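Report on the structure given below.
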Amino acid sequence: MPVSDPSTDLLVVGGGPAGISAARSAAAAGMNVVLADERPTLGGQIYKQPGPGFTVTDPAAMDGQFRYGRSLIDSLDGSGVDVRLRTSVVAVEGRRVFLVTDGSAARELTARRLVLAPGAHDRPVAFPGWTLPGVITAGGLQTLAKTQRVLPGERTLFAGSGPVALAFPAQLGHYGADIVTALEAGPAPRPGDFLRIARAARGNAVLLRDAARYRAMLLRQRIPLRYGRIVVRAEGDGRVERVVHAAVDADWRVIAGTEETVEVDVLCVGYGFVASLELMRLAGCDFDYQEDLGGHVVRRDEWHRTSVDGVYAAGDGAGVEGSFVAIDEGHIAGLAAAMDAGAMSEKDAAAASAAARRRLARRRALNAATKRLYRVGPGIFELPADDTVICRCEAVRRRDLAPAIASTDDINLVKAYTRAGMGPCQGRICQRQVSALIARHHGRPVEDVALATPRMPVRPVPIGALADPSIESPTLFLSGETTGADDTAPPEVTEP
Ligand SMILES: Cc1cc2nc3c(=O)[nH]c(=O)nc-3n(C[C@H](O)[C@H](O)[C@H](O)COP(=O)(O)OP(=O)(O)OC[C@H]3O[C@@H](n4cnc5c(N)ncnc54)[C@H](O)[C@@H]3O)c2cc1C
């Protein structure tokens, strides 16, 4: 048998704002809580701390995000939460969860309840030249800047959409990057938008003040912010040297004759985020589709219970709505786990969640007010040329996918034919693009294209951590008896 930890009342996956908040609230109610995160420090995406080897000698010199994140992380001190860093949760099977710490052998943990708060990742967008060195996602660049204090080049073009397209170029400018231009795919705000935003301002002063501050930073740093434009292609000999961008219509489809070229050595791309669903899918949760919340979004009740008994979901992983929403959702999910475990009464949980619910309603009113500005247009998924790489792990080009897609609208079969989505990222980068190609070819809405079947390990870990023949588990490794179904049999399909 693999080394087996004692069981726990609650395992929280994810040490970002949602996971920290969930763990803190459940522990305060008397639950025995384990919090696992694969990163070396807590904080998640937004409150990412400087990496190992860095010491912050003057917190006052860091930005407000760092300080707020630090206080959130410090709030776990004395909470009794068992924090496990560098620990990837690689599979879920009922109440059994498999953890890999520092690449060591997988450990099994039996968790009576699970709060899944795995966050989100950049919405991947493929266009000619997107695999050239020098093209980087907002999340990648943010990680370099926040954890290593490194910028990847001299002259940067930012192309993206949503709040990140305002915040990110301003933050990068603050880190010393030379941002040549920032492109926002959505439309410029009109007086009607400002009116809607003003009506939703109650309870959102901090967010609106931040937005105004970021706009002022762009103006101060003379970074032009151009609306209604997307990147069309990146060009260069061995690395990005130029980027072509163009104006788009309301569906983000390129308007012919509007192309412009700019010389840069970094292209940072940030068209919003998609929720990390892998563990929720392995757990068997139900999903709905809302592109603006990140595509497939786990179905939950008002206590953030998923459709699977004992499994809760919170934060960006349950729909991308930002860090303040993540904190309040985590709090509610932590209370719900405590309430369902009998550690707190329904009345007390309702009272303890009331303020968070009020804040969530106000945040969602603000999100609704900005919907016209930040709606994701389908045109962004129509940029790849025939020879554009779609699955970068397995080097599968659009033309390699075409015959498979012509023969089937089943993404699992397309994956089996072409290997797109079988690499280390397990389709996190290419799956949305492949779904868009299938939807377009078969004339169906993208939400009707089912997701590929998730496979463990859901996070990249050394194979040595899993290659333990003593681990008996239908989803991790089989030993001795199999579960019956022959997963290794090739699909019965006609060759495309
Ligand atoms: C790339 C990116 C950039 C962003 N930039 C900004 C910004 O500039 N300003 C802003 O206001 N908001 C930004 N956001 C949004 C903000 O970061 C999120 O709203 C907020 O962090 C959500 O909190 P969370 O706890 O839900 O998820 P996260 O903060 O993403 O935390 C999730 C945590 O789960 C861990 N995890 C995931 N899966 C596993 C697993 N299987 N095993 C172990 N650990 C796991 C991850 O390591 C991560 O630490 C950004 C989001 C992303 C994805």
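Whatever order the structure lists them in is the order used to number ligands and atoms, beginning at 1. As the structure is a computational prediction, the values presented were derived from the model and not from experiment.
Among protein heavy atoms, the minimum distance from atom 39 (C) of ligand 1 is reached at Val13 CG1, 4.0 Å. When hydrogens are left out, the protein atom nearest atom 50 (C) of ligand 1 is Phe273 CZ, 3.6 Å; that is the closest non-hydrogen contact. Closest to atom 42 (N) of ligand 1, if we only count protein heavy atoms, is Val89 N, 2.9 Å. With respect to atom 26 (O) of ligand 1, the closest heavy atom belonging to the protein is Asp316 N, 2.8 Å. Scanning the protein heavy atoms around atom 51 (C) of ligand 1, the nearest turns out to be Gln45 CG, 3.4 Å. Scanning the protein for heavy atoms near atom 10 (C) of ligand 1, the closest one is Ile46 CD1, 3.3 Å. The single protein non-hydrogen atom nearest to atom 6 (C) of ligand 1 is Gln142 NE2, 3.7 Å, given as residue, atom name and distance. Among protein heavy atoms, the minimum distance from atom 37 (C) of ligand 1 is reached at Pro118 O, 3.2 Å.
Only the side chain of Gln171 comes within 4.0 Å of ligand 1, counting heavy atoms alone; its backbone N, CA, C and O stay farther away.
Where the criterion is an N or O separation shorter than 3.5 Å, residue side chain and backbone included, Ala167 fails it with respect to ligand 1. Looking at Asp37 next to ligand 1, an N or O pair under 3.5 Å apart turns up. Considering backbone and side-chain N/O of Phe168, none are found under 3.5 Å from N/O of ligand 1. The distance criterion of under 3.5 Å between nitrogen or oxygen atoms is met by Glu38 with respect to ligand 1.
With a 6.0 Å cutoff to the six-membered ring centre and a 45° limit on the axis angle, Arg359 does not count as a cation-pi contact of Phe324.
When Lys371, Arg123, Arg375, Arg364 are each tested for a salt bridge (charged side-chain N to carboxylate O under 4.0 Å, His left out) with Asp292, only one passes: Lys371.
A salt bridge links Arg112 and Asp9; the closest N-O separation between the charged side-chain nitrogens and carboxylate oxygens is under 4.0 Å. The pair Arg305-Asp340 meets the salt-bridge criterion, since a charged nitrogen lies less than 4.0 angstrom from a carboxylate oxygen.
Thr87 counts as a contact of ligand 1, since one of its heavy atoms falls under 4.0 Å from the ligand. Ligand 1 lies less than 4.0 angstrom from a heavy atom belonging to Ala117.
Of all atoms in ligand 1, numbered sequentially from 1 with element shown, those under 4.0 Å from a heavy atom of Gly14 are 33 (C), 34 (O), 35 (C).
The closest side-chain heavy-atom distance from His331 to Leu335 is below 4.5 Å.
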